[in-house]
Number of protein chains: 2
Amino acid sequence: MEDNTARFEKLLVKNGLKRTAPRLQVLEILSGRDSATSQPYLEQVMGKDADRVTLYRVLQAFEEKGIIHKVLDQQGTANYAICSDGCSAHEHHDEHVHFNCDNCHKIYCLDTVKIPALKVPAGFKVNHLNLIATGLCASCADKVN
Amino acid sequence: MEDNTARFEKLLVKNGLKRTAPRLQVLEILSGRDSATSQPYLEQVMGKDADRVTLYRVLQAFEEKGIIHKVLDQQGTANYAICSDGCSAHEHHDEHVHFNCDNCHKIYCLDTVKIPALKVPAGFKVNHLNLIATGLCASCADKVN
DNA sequence: CATTTTAATGCAATTATGTTGCAAATATAA
DNA sequence: TTATATTTGCAACATAATTGCATTAAAATG
C-alpha cells in the first residue's frame, strides 16, 4: 500500500512524463478518494504546494495520456478520476456511467454499469456516449431515512 | 408565424414573468434555431440590446419556470433550448438524448430518443438521467464524404 | 388615466475560472 | 558532471459568472 509512490513513478515514466512533486501529489490525492475529485478541491488541498497553473497542466497532461479522465458535473465543474487499466493516450475507455449525488455532490464512476446502446436518427454518427445520472448515492440515501 | 410574439407573451404571463424586451428577444432567438444555443452566442447576438447580467438572469428565470432547459456541452459551456410542452416550473421533462456534433459543435435535442432504463448498484437512487452523445450530426457526416 | 406597487434592468464592482508567454528550476540523458 | 529537454512558477490577461444597489419599466389599483 505504501508502495503507491513507486507505482505512480512507474506510471509517469511509462507515459513519458517526468517524476515531479506536483504530479505525484495529484496521483496521491486522486487515488485516495472513492469518487471523482473536483478541480477546486484539488486546488484547495494542494494549496501553495503547487501553482494553480501547474495543476491545470498536470491534469491536462494526465488526461491526454489516459491516466485520468474528466467528468463534468451538472454545474459544469471539472472532476477527475483515475482511469481503469484499459485507458491509454490513444483512447479512453470511460464509457461507464457517472453518478452525481444531489446531496453530497460526489461523483462516482459506476464502472460496472455499461451505457446501453442507442438508436439515433438517420445520418447521425455516434462516437462517444456520456451518461450522468443524478440522485442520491448509497450513503446519502441511507442518511435520509 | 408572426404571431410568435403573442405566443411568447402568453408564455411569460402564464409563468408570472413580466413581458419585457430582453425576455422576448431571447425567446425569439431560441425559437428560431434548430439546435441548442450557447450562452456566448446569445450574448453576442443580443449585443448591447441587453446587459450581460440581464441575459444571465433571463436564462435563469426561464430555466426555473421550465421554459427552457440547459445542456452543458463537452467543454462545460451552457447551451439552452426551448422545452417541449411537458415541462413546468415543478419539473423538467428533458430526459431525451442530446447530441453534440464534434464538427459544427451544435447541440441537438433528440426528442425522439429515450434514454434506456439503467441498472445501478444497490442503494443508489436515480433521479435524473443525462445522456450526451458526441459524434457527427447528419449534416456534417454528409459533408465529410 | 394617474398613481402605487412590484419586478426587472443596467451598471459597477467583485470573484471564480482558465489561458499564455517566459524566465528560472529541475529531472533525466549523455 | 554537464548538457538538454521538460516542467514549474509567476505575472499578466481573458473569460465567465455573481452580487448589491439605484433606476426604470410593467402591471395592478383606485
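Letters A, B, ... are given to chains in the order of the sequence lines, protein chains preceding strands, and every chain is numbered from 1.
One interatomic measurement links the two molecules: CG of B:Asn79 to P of D:dA16, which rounds to 12 Å at whole-angstrom precision. Atom pair A:Glu64:CD and D:dT7:P shows a separation of 11 Å (rounding to whole Å applied). Rounded to a whole Å, the CG atom of A:Asp49 is 9 Å from the P atom of D:dG9. The interatomic distance linking B:Asp51 (CG) with D:dA25 (C1') rounds to 16 Å, in whole Å. Summarising the geometry, the separation between CD on A:Glu43 and P on D:dG9 is reported as 13 Å, rounded to the nearest angstrom. Between A:Lys18 atom NZ and D:dT6 atom C1' the separation is 4 Å, expressed in whole Å. Rounded to whole Å, atom C1' of D:dA5 lies 17 Å from atom CZ of A:Arg19. Computed from coordinates, the B:Lys70 NZ to D:dA16 C1' distance equals 12 Å when rounded to whole Å.
At distances below 3.5 Å, not a single donor-acceptor pair connects side-chain atoms of A:Asn15 with backbone N or O atoms of A:Leu17. B:Ser31 places a side-chain N or O within 3.5 Å of a backbone atom of B:Leu27 that can act as its donor or acceptor partner. Put simply, the side chain of A:Asn79 gets close to the backbone of A:Ser38: a donor and an acceptor are under 3.5 Å apart. Between the B:Arg23 side chain and the B:Lys18 main chain, a donor and an acceptor come within less than 3.5 Å of each other. Counting only distance, with no hydrogens or angles, the side chain of B:Thr54 and the backbone of B:Ala50 share no donor-acceptor pair below 3.5 Å.
Each of A:Ala21 and B:Pro40 has a nearest nucleotide on DNA chain D; the 5'-most of these lies closest to A:Ala21.
Within the nucleic acid shown, A:Ala50 comes within 4.0 Å of sugar-phosphate atoms alone, with no base atom in reach, counting heavy atoms only.
Sorted by residue number, the members of residues 52-61 of chain B with any non-hydrogen atom under 4.0 Å from DNA chain D read B:Arg52, B:Val53, B:Tyr56, B:Arg57.
Between the side chains of A:Asp49 and A:Gln25, a donor-acceptor pair is found at a separation under 3.5 Å.
Between B:Tyr108 and A:Phe124, the ring-plane angle classifies as perpendicular under the 30° and 60° cut-offs.
Between B:Ile132 and A:His128, the closest side-chain pair of non-hydrogen atoms is not below 4.5 Å. Using a 4.5 Å heavy-atom cutoff, the side chains of A:Leu129 and A:Val126 are in contact.
Extent of DNA chain C lying under 4.0 Å from chain B heavy atoms, first and last nucleotide in 5' to 3' order, is C:dT6 to C:dA12.
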